[in-house]
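Note sheet for the following structure.
The structure presented is a predicted model; accordingly, all values stated were derived computationally and were not measured. Below, each value reflects all heavy atoms present in this structure, side chains not excepted, and no hydrogens, waters or symmetry copies. Throughout, residue positions are numbered sequentially from 1 according to the sequence presented.
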Amino acid sequence: NISKRIGQSSELALTLNSYSGFFLTFSFFKKALSCNKKAMEIQKKLKNQWGIARTHQTIGFIYQYQAEYDKSIESLSKSIEIFEKIGDLRELGISLYLLSQNYYYAGDYKKSSEINTRYMELFNQTKDNYGISGSLAGLAKMAIEKGSLDEAEGFIQTGLELSEENQLW
């Protein structure tokens, strides 16, 4: 066990978060969650708020991948609360994006759109063109669901132009 050899650290916990992605790739959900639960124990012991929030974010993604939207929303909401408190706007935006997807997949397009608009404002504030482009894609999906194809095309066109201008793809 590596933690016995080198001690517990925030880096070890983040490695466990990343390692869970490997298991997630092969749909080994229990192993992925197990890695994150160990990571959470370490982060809480170290009182690392950023690490706790990041682990909640990863757990939320795993639950989303399994279509367990209520659990995902709960975990992502915890990450959002902490990222807001510590002021990490980039990670806050990622958590908001994932939260928006949960509501979209669960069929609550109104709530998804509200959250999507919030993280788009955040990405505009931080000038994160990659995030803006992603949020435009999310808005386009919702416009399609509402049957607003012209609106969807506008979001897609704006996102493509932004991506080309900034060489995002």
Side-chain angles (χ1 to χ4, degrees), residues 3 8-123 125-126 128-142 144-145 159 163 168-169:
S3 68
Q8 294 187 344
S9 68
S10 189
E11 290 78 12
L12 175 60
L14 289 173
T15 301
L16 286 167
N17 289 139
S18 297
Y19 196 46
S20 74
F22 169 78
F23 291 120
L24 188 59
T25 302
F26 298 103
S27 298
F28 297 148
F29 302 117
K30 286 183 184 176
K31 284 196 173 277
L33 283 170
S34 174
C35 285
N36 281 284
K37 287 179 181 176
K38 289 177 188 172
M40 185 65 81
E41 288 173 21
I42 294 170
Q43 298 291 18
K44 285 183 175 180
K45 192 178 287 185
L46 296 172
K47 297 180 176 147
N48 180 349
Q49 292 301 299
W50 187 91
I52 292 168
R54 184 65 167 76
T55 303
H56 277 303
Q57 186 185 74
T58 306
I59 290 170
F61 180 71
I62 292 168
Y63 282 131
Q64 181 185 86
Y65 205 84
Q66 297 177 88
E68 293 189 46
Y69 303 123
D70 289 341
K71 289 181 180 179
S72 180
I73 289 167
E74 179 183 343
S75 195
L76 289 167
S77 295
K78 289 176 184 176
S79 77
I80 288 167
E81 181 181 329
I82 296 169
F83 284 135
E84 283 179 325
K85 196 179 297 180
I86 63 176
D88 189 326
L89 300 180
R90 183 179 185 284
E91 293 296 331
L92 173 61
I94 292 168
S95 292
L96 286 167
Y97 173 76
L98 293 171
L99 186 63
S100 173
Q101 284 184 322
N102 274 294
Y103 285 107
Y104 177 83
Y105 296 143
D108 189 342
Y109 304 127
K110 184 176 189 271
K111 184 76 171 173
S112 179
S113 183
E114 290 169 6
I115 295 167
N116 194 321
T117 299
R118 181 174 173 210
Y119 77 74
M120 184 158 175
E121 289 169 358
L122 181 69
F123 288 137
Q125 177 186 345
T126 60
D128 180 345
N129 290 324
Y130 186 79
I132 295 168
S133 183
S135 65
L136 287 165
L139 290 170
K141 283 193 306 188
M142 278 173 271
I144 290 169
E145 291 291 338
S163 296
L168 299 177
W169 311 112

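- You'll find the side chain of Glu81 reaches within 4.5 Å of the side chain of Lys85, heavy atoms only.
- Remark: side-chain polar atoms of Ser79 are paired, donor with acceptor, to backbone N or O of Leu76 under 3.5 angstrom.
- Taking a 6.0 Å sphere around NZ of Lys38, one finds it holds 12 or fewer heavy atoms contributed by other residues, nucleotides or ligands.
- For the atom pair CZ (Phe29) and CD (Glu68), the distance works out to 9.0 Å, reported to the nearest 0.5 Å.
- With Ser133 contributing its side chain and Asn129 its backbone, the two residues share no donor-acceptor pair below 3.5 Å.
- Heavy atoms only, all atoms of each residue included: Tyr104 and Tyr109 are closest at O-CE2, 3.5 Å.
- Among all heavy-atom pairs drawn from Ile82 and Gln49, the shortest one is CG2-O, 3.3 Å.
- Shown here for Ile80 and Ser95, the closest heavy-atom pair between the two residues is CG1-CB, 3.5 Å.
- The closest side-chain heavy-atom distance from Phe83 to Arg90 is not below 4.5 Å.
- Residue Ser34 holds its OG atom at 9.0 Å from CG of Leu16, rounded to the nearest 0.5 Å.
- In this structure, Glu41 does not pair ionically with Lys45, as no charged nitrogen and carboxylate oxygen lie closer than 4.0 Å.
- Here Phe23 pairs with Tyr19 under the ring-ring contact (aromatic ring centres under 6.0 Å, His included) rule; sequence neighbours left out.
- Of the possible polar contacts, one joining the Ser100 side chain to the Ser112 backbone as a donor-acceptor pair under 3.5 Å is found.
- A pairwise comparison of heavy atoms in Tyr105 and Lys141 identifies OH-NZ, 4.5 Å as the closest pair.
- Between Met40 and His56, the closest side-chain pair of non-hydrogen atoms falls below 4.5 Å.
- Summarising the geometry, atom CD1 belonging to Ile59 is positioned 8.5 Å from atom NZ belonging to Lys78; distances are rounded to the nearest 0.5 Å.
- Scanning for side-chain hydrogen bond (donor to acceptor under 3.5 Å, both in side chains) contacts around Lys30 gives an empty result, with sequence neighbours left out.
- One finds the CG atom of Leu99 at 6.0 Å from the CD1 atom of Ile73 (value rounded to the nearest 0.5 Å).
- Here the closest heavy-atom approach between residue Lys111 and residue Asp108 is recorded as N-OD1, 3.1 Å.
- With rounding to the nearest 0.5 angstrom, the CG atom of Leu92 is 9.5 Å from the CD atom of Gln57.
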Result block: side-chain N/O donor-acceptor pairs under 3.5 angstrom for residues 60-67, not counting sequence neighbours:
| unit_1 | atom_1 | unit_2 | atom_2 | d |
| --- | --- | --- | --- | --- |
| Gln64 | NE2 | Leu98 | O | 2.9 |
| Gln66 | NE2 | Ile62 | O | 3.4 |

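- Between atom CD1 of residue Ile86 and atom CG of residue Asn48 there is a gap of 8.0 Å, rounded to the nearest 0.5 Å.
- Asn36 contributes a side-chain N or O that, together with a main-chain N or O of Ala32, makes up a donor-acceptor pair within less than 3.5 Å.
- Put simply, the side chain of Thr55 gets close to the backbone of Gly51: a donor and an acceptor are under 3.5 Å apart.
- Using modelled atom types and a 3.5 Å distance limit, the side chains of Tyr103 and Glu114 yield no donor-acceptor pair.
- Thr58 places a side-chain heavy atom less than 4.5 Å from the side chain of Ser20.
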